[in-house]
Amino acid sequence: MVVALSGCSSLGCTDTTAERGKAGVRVQVVNTYGQPLGVTAAVVDWSLEPHPQVPSRGDQIHFRFRFDKANEYSAPAVDACAVDKERVTLGCRTVSSSQAFGPTGDDWLGVEHPEQVDAVLLIPNDQSYDGRTCEVDSKDGGGMHPPETPNKGDQL
């Protein structure tokens with residue numbers, strides 16, 4: 001009997017990147033195989049304001065988010081992106097359910113032109129799984145990995 005683990009085979013190690021899910025203000029968080037985790041992530045609100053620790057940088061994006069049905073053991077994380085009217089990313093960062101104190105958490109996105117921000121969207125792919133790549137561990141690495149965080153200028 002031959003048993004092959006994801007990412008490993010007699011032919012070598014293989015890394016695969018999951019397809020990026022559709023971004024929205026409210027999303028069902030999915031694992032690297034696109035299966036729902038039973039957790040909903042949502043942007044509660046956002047505003048333009050100076051960050052209290054670095055007000056000299058001018059307005060930044062302050063946003064609040066929530067993860068419904070997340071627990072301390074699962075601690076899913078998703079990418080949050082400020083986008084313009086055409087859904088082009090102006091800046092992104094990963095936020096985790098573990099950042100929330102109570103039902104909601106908050107974070108900041110620094111973008112070059114905050115006046116162009118039309119929305120803050122979440123990408124449903126769970127970013128909390130960070131398995132080893134083949135490059136790092138050719139024996140036990142590989143398999144499915146979450147998509148990369150979008151770059152500035154990517155369309156969502």
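Index from 1, following the sequence.
Without hydrogens or angle criteria, Gln99 side chain to Asp107 main chain gives no donor-acceptor distance under 3.5 Å. A donor-acceptor contact shorter than 3.5 Å is absent between the side chain of Arg87 and the backbone of Gln155. His51 places a side-chain N or O within donor-acceptor distance of the main-chain N or O of Gln53, the cut-off being under 3.5 Å. Checked by atom type and distance alone, the side chain of Arg66 never pairs as donor or acceptor with a backbone atom of Ser97 at under 3.5 Å.
When hydrophobic clusters are built by joining Ile, Leu, Val, Met, Phe, Trp and Tyr residues whose side-chain heavy atoms come closer than 4.5 Å, directly or via intermediates, Phe63 is grouped together with Val25.
The structure places CD of Gln28 at 15.0 Å from NZ of Lys22, a figure rounded to the nearest 0.5 Å. For the atom pair CD (Glu49) and CD (Gln60), the distance works out to 9.5 Å, reported to the nearest 0.5 Å. Between the CH2 atom of Trp46 and the CG atom of Asp118 there is a distance of 7.0 Å, given to the nearest 0.5 Å. In this structure, CD in Glu112 is found 9.5 Å from CG in Leu90, a value given to the nearest 0.5 Å. Atom CG of Leu109 and atom SG of Cys81 lie 7.5 Å apart (nearest 0.5 Å). To the nearest 0.5 Å, the span separating OG1 on Thr40 from CZ on Arg26 amounts to 5.0 Å.
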Can you list the steps and then say if Asp68 with Val39 is a side-chain contact (heavy atoms from CB on, under 4.5 Å)? CA-CA 6 Å; Asp68 294 325; Val39 175; over 6 Å; no
Begin from the C-alpha positions of Ile123 and Val27 and carry the test side-chain contact (heavy atoms from CB on, under 4.5 Å) through to its verdict. CA-CA 7 Å; Ile123 299 172; Val27 298; over 6 Å; no
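Contact of the Pro150 side chain with the Arg20 side chain is registered, since non-hydrogen atoms from C-beta on lie closer than 4.5 Å. Two residues are said to be in side-chain contact when any heavy atoms from C-beta on lie closer than 4.5 Å; Leu37 and Asp126 meet this criterion. Proximity of Asn125 to Val78: side-chain heavy atoms (C-beta onward) are nowhere separated by under 4.5 Å. Residues Cys92 and Thr149 have side chains in contact (heavy-atom distance under 4.5 Å, counting atoms from C-beta outward). Here the side chains of Thr89 and Asn151 are not in contact, with every heavy-atom distance at 4.5 Å or above. Contact of the Val111 side chain with the Ile61 side chain is registered, since non-hydrogen atoms from C-beta on lie closer than 4.5 Å.
A parallel orientation is assigned to the rings of His62 and Trp108, their planes being inclined by less than 30° (bins at 30° and 60°). Between Phe67 and Phe65, the ring planes are perpendicular. Angles over 60° get that label, and only those under 30° would be called parallel.
No option in Val117, Asp154, Leu121 other than Leu121 meets the side-chain contact (heavy atoms from CB on, under 4.5 Å) test with Val83.
Closest non-hydrogen pair, Pro52 versus Pro55, comes out as O-CD, 3.6 Å. Taking every heavy atom of both residues into account, Ala18 and Pro147 meet most closely at O-CB, 3.5 Å.
In this structure, Asp79 does not pair ionically with Arg93, as no charged nitrogen and carboxylate oxygen lie closer than 4.0 Å. Asp45 has a carboxylate O that lies under 4.0 Å from a charged side-chain N of Arg64, or vice versa, which qualifies the two as a salt bridge.
Counted by atom type alone, Gln127 and Thr94 present zero donor-acceptor pairs between their side chains at under 3.5 Å.
Taking a 6.0 Å sphere around CD of Gln116, one finds it holds more than 12 heavy atoms contributed by other residues, nucleotides or ligands.
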